[in-house]
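Heads up, the thing below is written out as structure tokens.
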Amino acid sequence: MEKPVVKDPGFYIMVLIGVLIMFGAPIWFDLFTIMQVTQYVVLSVYALSLAYIWGFGGILSFGQSCFFGLGAYTFAVASINMGETTFPFILSFVLPAAFGAALGYFMFYGRLSDVYLGVVTMVVTLIFWKIINHTAGPEYSIGDARLGGFNGIPSIPILNMPGDPEAWLDPAQMFSFFMFLLIVVYIGLRVLIASDFGRVSVGIRENETRSSLLGYDVRRHKVIIFALGSGIAGMAGAMWATYQTFIDPNAFSLEMSAKALIWVMAGGVGTLVGPIMGVILLQWLSLKLGTLQFLNNFVILGAILMVLVLVLPRGLVPSFRHWALTGWEMFRRRERSAPPAKEVASDV
Amino acid sequence: MSLLEVRGLKASYGVVPALHRVDFRAEAGEVVGILGHNGMGKTTLLRAIMGYVKVTGGEISFDGADIRGLSVNARARAGLGLVPQGREIFPNLSVEDNLMVGIATQKGDTGPIIAEILELFPRLKRLLDRRGGALSGGEQQLLALARCLCRRPKLMLLDEPTEGIQPSIIDEISDTLKVLTARQDITIVLVEQNLDFITGLSDRVYAIANGVLDSEIPRDRLTDPQAVSEFMGFAA
Amino acid sequence: MSDPDDHKVIRTTGLTMRFGGVTAVDHVDFALNEGELRCLLGPNGAGKSTFFKCLTGQLTPTEGVVEFRGQPITGWLTHDIVKLGIGIKTQVPNLFNGLSAYENVRLSARRKHLAPMARQKSEEMLVKCGVADLAKREVGLLSHGQRQLVELAMVLAGEPSLVLLDEPAAGMTGDERDRLARLVLELSRNASVIVVEHDMAFIRQIAKQVTVFNRGAIFREAPIDEIMRDRAVQEIYLGKQADVAA
Amino acid sequence: MDYAIIVVIEMLRAISWLVLLAAGLGIIFGMMRVINFAHGEFLMLGGYTVIMSTKVGVNIWVAILILAPLCVGLFGVLVERLVIRFLYGRILDSLLATWGLSLLMIGGVTLIFGNTVEGVSTPLGSVDIGAYSIPAYNFVLIGFAALFLLAIWSVLKFTKIGLIARATMQNPAMAEALGVRTTWVYMATFGVGSAVTGLAGGLLAPLTGVVPTMGVNFVGQSFITVITGGASMVAGTLSASTLLGSISQATTIATGPVYGDAALLLAALVLLRLLPQGITGRIFTRSL
Amino acid sequence: DDDAILVGGLHDLSGGLDTSGIPMNQILNLAIDEINAGGGLLGRPLKPVIYDPQSNMSLYSQYATQLALKDKVAVVHGGITSASRETIRPIFHRFKTLYFYNTLYEGGVCDRNEVTLGTTPAQTVEKLIPYVMNLWGKKVYTVAADYNYGHITAAWFKRYVEENGGEVIETEFFPLDVTQFGSTIAKIQSAAPDIVLSALVGSGHFGFYRQWAAAGMKSRIPMASTTFGAGGSEPIIMTPEEGDGIITSFGYYPTIDTPANIAWKEKIVAAYPDNTPVLSELAEVTWEGMMIWADAVKEAGTLDREPILEVIESGKTYDMPAGKVSIDPKTHHAIRDVYIADLKDHEFIIKEKYSQVQPADTQMVCNLEEDPNANVHHEISLN
Ligand SMILES: Nc1ncnc2c1ncn2[C@@H]1O[C@H](COP(=O)(O)OP(=O)(O)OP(=O)(O)O)[C@@H](O)[C@H]1O
Ligand SMILES: Nc1ncnc2c1ncn2[C@@H]1O[C@H](COP(=O)(O)OP(=O)(O)OP(=O)(O)O)[C@@H](O)[C@H]1O
Ligand SMILES: NC(N)=O
Ligand SMILES: [Mg+2]
Ligand SMILES: [Mg+2]
């Protein structure tokens, strides 16, 4: 964290790659591939929301899908009622963020921490999941939108140009817009993490007692982090809803929460690029597996996850970084014998 | 033959070396002191002997056997005991249970051990029911010592045992250890910063600097802090 | 409750902390003058660390009042209390383990200073505490003594006006301890300081007025020489150390 | 009056159900700080053991009480040796790995045994209480729940094994230095936790549909019960099961299962907020 | 074979729905083999493109897109739950890929691009209710799964019970993950109905039948259902003590005693001697879907969607293992024979057959002749 963001070449490389894909993909790829990649982009935004609160705020949420689902349903209900998507899209950030702030207040001011925090988020998610699953009856509608229970809400509007409800984005435009959002979220989080606020967050992650002994208000800090993560997850939910034009209670499921955890872990906690890699790798994998007629896909996917944990315990990105650093260290040590030292890599 | 003999020991954390060369021995019934500045490798040395830190070269023999291949618990069962820096009390066990853990892995009649130990550490008597984590720093240190002794180790590795202990109890501990070693029951390797304590107790004192331990500090020089500093690598 | 004319940095009245049946701090009336350096002695388990925790709000006292410069702060949250200008080095080093020593110290300095100044202050404090060469090392992997020094640098970097040091000399060799003593004396020129320590060699170098705790209550309060000669203190605490001093 | 008796028995059964679901997970999570996401699949494996062995003619009680815990316990030991032992202290990695394990088990059982095998019907028939009749098997569930708790409590309380296990979980490195073979402790603890889960799965087999994916129906409840209970395994499991089980069952009887489930979740939420370390984190701190 | 005609298959082959998906996929492949054995279509062989959505909606959506845009298949058969259908149906509609949904469901889909062959509640419930009321009495207690299908089915239950002069004294809905039914069983005992009607679904709800039998209720209150055994697995998983005597109604039973069905079953055993699929309406209707599409391709002489749809809308009648089937041009739903059967020792004993039952529910809300561009799933409301 030593290095300010402006001096880190990795950051610029990532942004450059992002911008390149954002403009290039619609030219290079066919429609199917673009829609495919769009999915990775949407889920990457979702993964980043957890990567941020967990990796840089030390808040472990087993219920990130609560906000994802809330954003998705907010967008679905608002856009079906309004026949327009700009305001609903903004609302799908604001409402989950507000709910995240409220829940965060409930949890952090109640001094919940550790697994207990994880379980409370999980329980809240389960409550949403139960409730939304219970809305099958026709009496459960908000305006024109039937909530639909287990079956979900079909025919969710596709994003339109702001101010012009008739001007729907085609898949390529939708892709570019989502890619743009991903880049914005990435840059935003990177800058935030490198800021003083971010350094304090990391301090709180490392040691809450010490943070408060230095005069930092741990609770308020965590609420802000949590709310921001919730907003981003909500936005990802809205992107998901409009991308699929369909949403069902699975958006609120434990599986959806667990997936976010898995992506972040697979990619590496404490990084932002890692979780994006995690999304791409694992989503691609389960997609590929389904096209093969080989054994049972659950067996293969399960085995891969287990091996992944054992072989890459720190996650993809940190493992590679560690191997690279260790190699470099050994090389250096062969050159000259240095006093014992392990320096802290400045990483994001 | 010496009870413990360490020759040419090297150890490292991952690829980062921490001990470069350590040579010393401890005869049965002896107290061997080790002095050194912060970060010079004292804790690392004790942890290497106990089996926590990977040894990358050299030899450790204990009671005539090479113990480099043994796990920590095997070394413990062979008669090594450690009172670690930081005490490492089981925070959610009562004081009594903390003591019992050391005994629980041993066979035979273990009933009287606790009573004996409490005679050595009377201050623990009224704390038996308290949670380990709720003890004061000094109380924890006493508990750690007592817990180690419960196993009746042949060789006890003490990492700064006087840290955080009130002066009068330091004296008591010193007396207790003297009694134990006088009975030839126990051999001690003592890492310590408290010069009075270490000189009062040790038969021989070594200095460690930058992961290198090779020189014994002659007894007559130990009373002179200036000389000791020189042995430890750099003057104040 | 307090006389507006007396300049007490910290004052406790009837301060009591009980854990179930254990009374760790028992009706302590304590006051520290502005700019004073006070040593707090007492047997293991006397309640010294608990007393510190009550001052900083880590524990909420069962009874009694804590005032900081005349303002009652009992029941306040830790971060609000320390923002008034208190820095504490805890008995067990309490650090941001995954971060570098520099980053640890900076997190403290940044409370007081803007970024560029915070950097300068942090580096200065690392040098002052003799751990400048550890600046980039991960503190979780440092030796015990190294961690003590980093924590000290961290506390000083926040430039508190009241410094609480819980066994700062633990695990230091003779010359390291001497340097620490000089540092504490220098510090006390600009701040009020309370030091808890069992190392009498250290205490003798810095102490003026001394408070002795026993079983949670104040047992004696007197200048150091008097304390060293006090039979009762020798009995409960010093043992043979007293003879060495005499 | 008859209905009141039925309600009481239903309450007890609901509580026992939670105890059975949570006990094995409580051992594994409570002692080892490993979140076994495959807990539901361990239950499923217990159920399959019962079904498969009764199919080849084994007596149902032998299948439930001996084979199910034995098979699942051994499977647990295997899993511990191959996977879990590398993941102690890495609570989330263990979550990820056991998530993988749960998928693997669902797929594996489907491959090996198929997903539609004939179940076993509930033994013992029914008992009439006034105008009502209930499964006599309910009393077996209630009895076993009580037995589970008693057994775990006795082991922890009266044997050195319990002490060694608890010390190992709190500070494995130090326990090693005191001569504890921590590898064995871990293996045994995970094995016992798995066996208990297997027994629970076996007990549930005659009451639920035993299919490879059944686990998902149980894992949430089990986990919430364990966490709400807090640090002490016996007191925690008992108090959490009692509170959550009776609240949700009362709500279910009064309104319906949706609100019953929601009531369970809300109760857990409120409890955790009021007692941030779980029930026994605050109230029964010193109990087992 | 570069000139092979690609046929998409999208059934869950792993995860919770594989009990239904695997047999459907087996039958789909068998149908394709049979067509190929007969020389293929338009002189070209058929080639299946099979993806496994792993009981996961987002994979459904991706594979649907892949089948439509990348593989450019001629037709897709698949989808099991309504949720999965509503995920993929709009995709096929948008990318003009002909789609066959071969599952019984709650009714109401109105989309000219989709052909729906399974029964809807109006077809089965309408026959089942008078049959069982006649046998057992007029007081009914309904237990149903708490989702769309369960709600709509329960509403049809109520409507037909009332039309037949009976009364539904209580309807209870259960979330799909409920596994304990003790309190409900006690409630039913208090209410003392003549009949329990079940529209329970899924593995959690198996517990109801188990606990019902364990409480000794089998001999006291009889039960009927339009969901028990829908996917084929319940009659196997339940022991005879638990399952026997439950009366159900579906569009197909393996025990249908016609030469066509017997021959078809033999074919299946021959093709899958070791892993013979569990037969149910879902599996049989999947066969129908493939055969009806193949027939339409032959008759239209092209793979183009429009001419094929015109053939399908022409009102032809097909002979299938389940009996006679024709497609209602207004709704693209099947007009078909419906059966009532009683479970005994893992087998459904057929009690009654009703010929050519109309999908009356969907007909209430959908008319593709008037609105060929319709693209909705109507919630059929009976209240
Ligand atoms: N886990 C670790 N990984 C990497 N380096 C470490 C680790 N533990 C200790 N070190 C480094 O190894 C060196 C020796 O540390 P050690 O703890 O042995 O010192 P020590 O002599 O016991 O010091 P002290 O008196 O402060 O306890 C130090 O520089 C320390 O920073
Ligand atoms: N959370 C707690 N619960 C119960 N007892 C406690 C708790 N914290 C401290 N105590 C007890 O209160 C007494 C005072 O402890 P404290 O840590 O304040 O002592 P101390 O004076 O700092 O001792 P030392 O010099 O050994 O560090 C001790 O006997 C300790 O066991
Ligand atoms: N076909 C359904 N909705 O089960
Ligand atoms: Mg050390
Ligand atoms: Mg203390």
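The chains referred to below are lettered A, B, ... by the order of the sequence lines, with proteins before strands, and numbering in each begins at 1. A quick note: this is a predicted structure, and the numbers were derived from the prediction, not measured.
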For the atom pair [atom1] ([X]) and [atom2] ([Y]), what is the distance rounded to the nearest 0.5 Å?
{"X": "A:Gln244", "Y": "E:Thr65", "atom1": "CD", "atom2": "OG1", "result": "9.0 Å"}
{"X": "A:Gln36", "Y": "E:Gln66", "atom1": "CD", "atom2": "CD", "result": "6.5 Å"}
{"X": "E:His377", "Y": "A:Ser155", "atom1": "NE2", "atom2": "OG", "result": "10.5 Å"}
{"X": "E:Thr87", "Y": "A:Asp248", "atom1": "OG1", "atom2": "CG", "result": "6.5 Å"}
{"X": "E:Leu59", "Y": "A:Gln39", "atom1": "CG", "atom2": "CD", "result": "7.5 Å"}
{"X": "E:Met57", "Y": "A:Asn250", "atom1": "CE", "atom2": "CG", "result": "6.5 Å"}

Nearest heavy-atom pair of [X] and [Y]: which atoms, and what distance?
{"X": "E:Gln54", "Y": "A:Ser286", "answer": "NE2-O, 3.0 Å"}
{"X": "A:Phe32", "Y": "E:Lys70", "answer": "CD2-CD, 3.2 Å"}
{"X": "A:Gly148", "Y": "E:Asn148", "answer": "O-ND2, 4.5 Å"}
{"X": "A:Phe246", "Y": "E:Ala83", "answer": "CZ-O, 3.7 Å"}

For this session: For E:Lys187, check side chain to side chain donor-acceptor pair (under 3.5 Å) against everything at least two apart and list the hits.
Result: none

Seminar exercise, completed: Residues passing the side chain to side chain donor-acceptor pair (under 3.5 Å) test with A:Tyr40, sequence neighbours excluded, are none

Exercise. Is there side-chain contact between A:Asn151 and E:Ser82, with heavy atoms separated by less than 4.5 Å?
Worked result: yes

For this session: Would you check if A:Trp240 and E:Ser58 make a side-chain contact, meaning some heavy-atom pair closer than 4.5 Å?
Result: yes

Exercise. Counting distance only, does the side-chain N/O of E:Tyr63 pair as donor-acceptor with the main-chain N or O of A:Leu287 below 3.5 Å?
Worked result: yes

For this session: State whether the number of non-hydrogen atoms from other residues, nucleotides or ligands found under 6.0 Å of A:Tyr140 atom OH is greater than 12.
Result: yes

Seminar exercise, completed: Residue pairs passing the salt bridge (Lys or Arg N to Asp or Glu O under 4.0 Å) test with at least one member in residues 133-155 of chain A, sequence neighbours excluded, are A:Arg146-E:Glu379

Exercise. Listed by residue number, which members of residues 89-97 of chain E have a heavy atom under 4.5 Å from any heavy atom of chain A?
Worked result: E:Arg94, E:Phe95

